[in-house]
Amino acid sequence: MTAELPKRYDPAELEQALYNAWEEQGYFAADPESDRPAYTIVLPPPNVTGSLHVGHALTAAVQDTLIRFKRMTGHEALWLPGTDHAGIATQMVVERDLARRGEPGREELGRDAFLEKVWEWKATNGSRIQEQHRVLGASLDWSRERFTLDEGFSTAVTEAFVRLYEEGLMYRAERLINWSPGLKTSLSDLEVDHRDSPGHLWHIAYPVSGSDERLVVATTRPETMLGDTAVAVHPDDPRYAHLVGKTVELPLTDRQIPIVGDGILVDLEFGTGAVKVTPAHDFNDFETGKRHDLPIINILDEGAHISLAGPYFGLPVAEARKRVVADLEAQGLVVKIEEHAHSVGHCQRSGAVVEPRLSLQWFVSTKPLAERAMQATRSGETQIVPKRFESTWYHWMENIQDWCVSRQLWWGHRIPAWHAGGQVFVARSLEVAQAQAQAAGVDPSELVQDEDVLDTWFSSGLWPMGTLGWPEETPSLKKFYPTQVLETGHDILFFWVARMMMMGIHFTDKAPFHTIFLHGMVRDELGQKMSKTKENVIDPVDITNEYGADALRLGLLLMAAPGRDLKMSVKRIEGYRNFLTKVWNATRFAQTYLGDCQESDWDAPAGATEQWIRSRLADTQHKVKEAFDAYRLDEAGHAIYHFIWHELCDWYIELSKRPLRDGSADESAAARAALADALSGALRLLHPFCPFVTDALWPALPAFMRESDSLCLAQLTFDAQRNLDSEAQIALAIEAVGLLRGLRGQMGINPREPLSVRLQVSDPERLGQLDSAARLLVDLASAADVVTELNTAEQPRGWAIATGEGLTLLANLAGKVDIAAETDRLTGEIAKNDKELNKCGGKLGNAKFVERAPEAVVAEERRRLAEFERRRDELRAALDRLAELEL
RNA sequence: UGGCGCGUAGCUCAGUGGUAGAGCACUACGUUGACAUCGUAGGGGUCGGCGGUUCGAAACCGCCCGCGCCAACCA
C-alpha cells in the first residue's frame, strides 16, 4: 500500500513521470528470444517533418491499446517506431526554411550542401513527433526506432531495387507520366488529386486542307493545339467519313495534320465528334498517337511554360491559353464556347496543376506483385477489417498500372543505377557497378550515378521487413515477421498498405501482416476535414494538456467504429475525463478499506452482492475479449465504461458501504475481497485504453494482488465464470430499488424519508431471492422496514403501488398521499401497461404467429401477457382502493 | 458515370429478424463521509420515404430522396 492518493485526479501531475519510469524500466522492449508468441505492429512512420495531429493520436491510441492488451495476455508484444524521410514534404519544408532565413536556396547550394542542410534540419526538428507519442503513452520499443534513410534501412531499399531490376520487374522507359510543374518532378498516379473544376469547352474550327470545309474540334485545353499532330474522328461517323485520310491546316502554325479514324478515343456523342490529338500532353492522345504512329510534339518545359519557339514562347499555360483563344477568335475560328465542368489533376503536395509529360523514368511492373497480394487476401492469409474495404482493394489491384518510382528530387534514396556509354548498370554498390561496366567494356571511371531518388512510398513499402532486419535473416525478423496487424487510416490503403503487401510478399513469400485494420478520418465537430486554412484543426497536444492523454485516448477509441469517420468532440473528451475522475475517486474510496485487506479475507463467505459484482466483471471480461477479437475497441471500451460506472460505482460500491463499515468480521472481509477483485479487474481491463491513470491507481491494490510493479506487465485473464443466480437476485433487488425511488420521485416524497415497504412476487421460488432486495431497499432507498411476501396477500389501503417484472412494491404512504395526483399516476401507469398488453395480446391473437414463430418466442410472449395482465389487475385494484379512500 | 458508406432522441452515434438503446444536452429534486468533473428521478423517437419478403423488419430485398467518401481517359 502506498501513500494515500491525492484527492483530485490531475493527469498532468502523473502522466509524464509515469512514462519516464516505464521507459527507464524497459517495459516495452521486445525480446526476440522470448518463448511467448509474438505480436507485432509497426507504427506507420510519421513524416519526419510532422507534428502530431489528431489522426496520429487515433492511430497511436488504437495500436497502443491492441499492443498493451496483447502484452497483458501472454504475448511478446512489439510495437516498432520510426519516421519517414518523406522526400517531397521534407525537401519543401527545408527549402522554405532556407528562404525564410534568407540563406542560399537549393539550386545555389547544390546537391551535397543542400542534403547536409536537410540532415541538420532533421537533427534539430526531427524528433518532435516521437516526444508527442510519449506524451500519449505509446508503449513503443524505442530501442528499435528506425528512420527510412538510416544505413540499414537504405540497404534494404537498394537490395529491393536491385532484385526487382534483376528479375525484370524494374525498368527504365520513356513514358508519359504525371509531372508536377511546381516541384519539377514526376509523380505516381496516386499522388495526383483530381478535383472537379469549372471550365470551358472550346469549339475550334480547323480548315480542311484544299477545301472550304472546316472540321470543328472540341477541347478543354485550347493551348495544347500547338502540339496537335492529328485530329481523330470516329470511323463510323457519317458526318466525317469523307474526311478520314485527309489533312487539316493547324491554325496558328504552318503545319498540316492528318485526320484519322479512331474508335477508341472518340465518343460519337461527345462534343463535335472530332478530337484534336496531342500525344505529348494527354494520356489518351499518347495512346492514340501510338496507334496511328503520330509524331509527338512537346510544347511545354518542365515548369509548364510554352517551350515552342514563336509568339507564345515562355508563357505559362494559363496565359498561353488566353492568347491562343484570342488569336483564334481573331481569325474567326472559335465557333462556340460552352461551360464545362471537368476534373483537373493537381499535385498533392504543391497544389500545382499536373501536366502529363513525356520523360525517361524508372517503373515497377506491378501486375505480378498485385496478383500475389490479391491471392493473399483471397486465401485469408491477410484479412482486411472492416471487410467492405476488400471490394476497393480488389478493384484497385485489378486495375493497377505500372508504378513510376523515380523522382527528380534530392532528398531520398538515390537510385542505385550508374550510367556510362549509353548503358545502365544497376548494382548494390558503385564497386559492383564498376565491375559490371568493366565487363561490358565501358570505362568504369565514366560512371555517373542516376540523379533521381526513389518515391518515398517505395521505401516505406519495405517498412515491416526492413525495420526488422531484412535482407538479413535476423532473430527479430524470424520472431516478429510477419507482423500481426497493420493499422492505419483508410486513406493510405493504396499508397502504403498495398505497396507493403506487394513488396513484402514478393521478397519474403509471406504477407507482411495477418490483418489490415483500417480506421476512418478524424473530422472536426461539424464533420469537416480539418485543415489549417479552415482553422478548424483540433490539436491533440492542447487536449492532452487540458484533459490528459488517457481521456483523449479513451475518447478517440470510443468514438471510432472501424473504418468509419469520426467527429472529434471536445465535449466528449471532457466526459471521459470525468469518467476517469470517477475511477480515481472510486479507487480512493476502496483504498480506505483495502489497507486492512488480507489474503484471508478471501476465505470469508461471499454474499449475493459479492458474487454478483464478480459475475458482472466476468461477463465484462468476456465481452471485452470478444470485442477485441473482432477489432471492436469501441465496444470493448463501452463495456468497461459501463461496468465501472454503472455496476461497480453505482451499485457495488454503494452496497459495500454498510458491510465495510458496520458488517461482521466475515461480512466486511467478504466485501473487501470483492471490492479488491472488482477494482483489480477494472483497472486491468481499462489499462490498455488508459494506461496512465490505471497504473497510477495500481498501487492502491493490496501488494499480494499485484504480480508486477506496473500494470504494464500485469496479466489479463478471461476464465472467470459467471454466477447467474446472484445476477438474477441482484437484478431483482436493483429493480425493487428503482421502483421505490421512482415512487418517491413521482410523488414528491423526500428520498431520505423512511417508508415501510412490502415487496411481493408472484413466483414462490423467487420469494427466497428477495433477501438482497430487502437489504438494498433499506441501504439504498431508505426503506424503514421491508416485508417480503407472495402477492396473493391482501393489499393494504393507503399504500402506493409500483409494479415491475414479476414484482410488486408497496410503500406505506398513509396520510401522505395526494389522492388526485395518485389517481393520475395510477391511471397513467395503467394506460402504459395497457399499451404493452394490447401489443402482446395482438401478437398472440394472430394464429400465424402462434403457429409459425419459434416455440420459445411464443412462450415468452405468453409469459409477458400474463405479466401485463397481473399488473393491470393490481393497478386497477389499487385505483379502486384509492377511490374508496376518497369516499 | 461507377463503387462504397451514411440517414435511429435536440446533438453525436451504437444497435444485422423477436419488449427501440448509450453519451451529451434538457427538466425536477438532492451536497457532513469516494466523487457536484457528482447523485436520484423524469421528459423526449411514424428508426429518411415508398413497396416487397416474413407470423414478425430499424435490421433482409427493390426503388426513390438527401448527404458524404473514393475511383474515374468523355476531348
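Naming: A, B, ... by sequence-line order, numbering from 1 per chain.
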Just to be sure I understand the rule, does [X] reach a base, reach only the sugar-phosphate, or reach nothing, if contact means heavy atoms closer than 4.0 Å?
X      : result
A:D267 : base
A:R864 : base
A:H340 : sugar-phosphate
A:G273 : base
A:C840 : nothing
A:L566 : nothing
A:R588 : sugar-phosphate
A:S569 : nothing
A:K839 : sugar-phosphate
A:K567 : sugar-phosphate
A:L265 : base
A:H646 : sugar-phosphate

Could you pick out which residue, A:F868 or A:D189, lies toward the 5' side of RNA chain B when each is mapped onto its nearest nucleotide?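 Closer to the 5' end of RNA chain B: A:F868.
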
Hey, does the side chain of [X] come within less than 4.0 Å of [N]'s phosphate (OP1/OP2), counting only N and O?
X      : N     : result
A:R744 : B:A28 : no
A:K582 : B:G39 : yes
A:H638 : B:G15 : no
A:K7   : B:C35 : yes
A:W393 : B:A71 : no
A:K835 : B:U19 : no
A:N578 : B:C38 : yes
A:H490 : B:G5  : no
A:R741 : B:C29 : no

Nearest-nucleotide pick for A:R632, side chain only, options being B:G15, B:G39, B:G18: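 Of all the options, the side chain of A:R632 is nearest to B:G15.
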
Ring-face cation of A:K835 near A:F868 (centre distance under 6.0 Å, axis angle within 45°):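 Geometry flag: not set, cation outside 6.0 Å or 45°.
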
[N] to [M] separation - [atom1] atoms, rounded to the nearest Å:
N     : M     : atom1 : answer
B:U46 : B:G39 : P     : 30 Å
B:G3  : B:U8  : P     : 24 Å
B:A9  : B:C47 : P     : 10 Å
B:U16 : B:A72 : C1'   : 32 Å

Side-chain H-bond candidate by donor/acceptor type, A:T288 with A:D262, under 3.5 Å: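 No, because no side-chain N or O of A:T288 sits under 3.5 Å from a partner of the opposite role on A:D262.
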
Between A:W393 and A:T377, a side-chain donor and acceptor under 3.5 Å: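 The answer is yes; a qualifying pair exists.
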
Measure the distance from CG on A:L739 to P on B:A41 and round it to the nearest whole Å.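 One finds 11 Å between P of B:A41 and CG of A:L739, rounded.
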
Rounded to the Å, how far apart are A:E753 CD and B:G30 P?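 So the CD-P distance, A:E753 to B:G30, works out to 14 Å.
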
Keeping A:H638 on the side-chain end and A:D634 on the backbone end, is there a donor-acceptor pair under 3.5 Å?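 Present.
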
Looking at A:R864 and A:E867, is any side-chain nitrogen of the basic one under 4.0 Å from a carboxylate oxygen of the acidic one?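 No, no charged N to carboxylate O under 4.0 Å.
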
Using the benzene-type ring in the case of Trp, are the ring centres of A:F494 and A:H395 under 6.0 Å apart?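 When the ring centroids of A:F494 and A:H395 are compared, they turn out to be at least 6.0 Å apart.
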
